[in-house]
Amino acid sequence: MLRVLKFGGTSVGTLDRIQNVAEIIKKFRNQGDDIIAVVSAMSGETNKLIEYAESYTKTPKSDELDMLLSSGERVTSALLSIALNSQGYKATSMSGRQAGIVTDSAHTKARIESIDTSGMKDAIADGNIIIVAGFQGVSQDTGRVSTLGRGGSDLTAVAIAGAIEADLCEIYTDVDGIYTTDPRIEPKAKKLNAISYDEMLELASLGAKVLQNRSVEMAKKLNVNLVSRSSFTPDVEGTLITKEEEIMEKPIVSGIALDRSQVRVGMYGVTDRPGIASAIFTALADANINVDMIVQTVGVDGKTDLDFTIPTTDWEICKTVMEKFKGETENIDYNDKICKVSIVGVGMKSHTGVASKAFTALGSENINIRIISTSEIKISMIIDEKYAELAVRALHDAYELDK
Ligand code: ASP
Ligand code: MG
């Protein structure tokens, strides 16, 4: 079996940790598996290199920054290979270029255009364990080293697994999988055995420290079976992230996500005319503001109310955009003391009463729901931030996610 294993920054954070990774690789090798390991830089290393560059200028040339940042991953790939060689295992390290990863020339946030897997295939045929420096490739146009954006080693691993048709892509971090909700909020949260790509994307806040979202999207596109697991507890099985059809037991609800980083914008007494929503949301889109939930109330006497949420980071720009609509609005107010709780599960497609159970759970805790939105596999509710944790626990209980 061909395994792609990806080890994040904390998993290779010290020489001892690198040796621990070598032990994981040796175990699979002894079973007869072929292995491509993709490594991150030692934890903190990429930030340190960025600081070094910024000590000269806040705007270093992006291709020079890529040359600098790509070095962190090269260090760990070579060290891991040296460790394995010294212990009698045939291994070879590869830069992104040597692994055949070709990108566009958007330095510091390059996109992978193609992967020529022939070099990796030859090295495997020669009996090598391959250790790839993650997060980097080579720009097709300029031939310069490029990097894939923060957290990009996950993307390297998934892209290689897809291109070379590996059986599995295991992402090792210091967390042993994806949980039904944040265990710091609900200690009864349970690790999921399996979850679909779409659920994982909706539960991004739960996986944020575990999996880069872009890499989950790519895994879905390339049909790569992903596993999230820990290099600190390698005997514990992680969470499989795969196609919905592959999951035998589909729970109605898989998890509860919480997002505290939104602001609710209320526009009251907006002139109720055709094209007003278009004007407002086009202006927000032009300012690159990612609007999440939108509600418009029924118009009365030529006026209507419009509520929507935006990321807190876009608050200032949003205020500027809203200036344009002052003439057509009686009042605009902002509330950042809110949060969004969401229940996510593919099973809700085919079950009734899922939403009412959520509303009842919050109602019986006396939590007022201010905005509701639903999609095929998600129900999101905006509530006051002070009830965030209570709401998560109430919903976790209502769907018996601890069972
Ligand atoms: N070292 C890079 C970063 O910190 C890439 C990665 O670890 O995935 O963003
Ligand atoms: Mg990472």
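Heads up: numbering here begins at 1 and tracks the sequence. Please read these numbers as outputs of a predicted model, since none were measured by experiment. For ligands, and for the atoms within them, numbers begin at 1 and follow the listed sequence.
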Under 4.0 Å from any heavy atom of T46, which atoms of ligand 1 are there? 1 (N), 2 (C), 3 (C), 4 (O)

Can a cation-pi geometry be assigned to R17 and F232, taking NZ or CZ under 6.0 Å from the six-membered ring centre and within 45° of the ring axis? yes

Any idea which atoms of ligand 1 are less than 4.0 Å away from a heavy-atom of S40? 6 (C), 7 (O), 8 (O)

With a cut-off of 6.0 Å (strictly less than), are more than 12 heavy atoms of other residues, nucleotides or ligands near NZ of K250? yes

So is G9 close enough to ligand 1, meaning a heavy atom under 4.0 angstrom away? no

Checking R264 against Y334: charged group under 6.0 Å from the ring centre and within 45 degrees of the axis? no

Got an N/O contact under 3.5 Å between G151 and ligand 1? yes

Taking atom CE of M381 and atom SG of C339, what is their separation to the nearest 0.5 Å? 10.0 Å

Nearest non-hydrogen atom to atom 1 (N) of ligand 1 belongs to which of Q136, M42, E73, K6? E73

For R150, the atoms of ligand 1 under 4.0 Å from one of its heavy atoms are 3 (C), 4 (O), 9 (O)

The single option from N47, T46, T108 that satisfies side-chain hydrogen bond (donor to acceptor under 3.5 Å, both in side chains) with R150 is N47

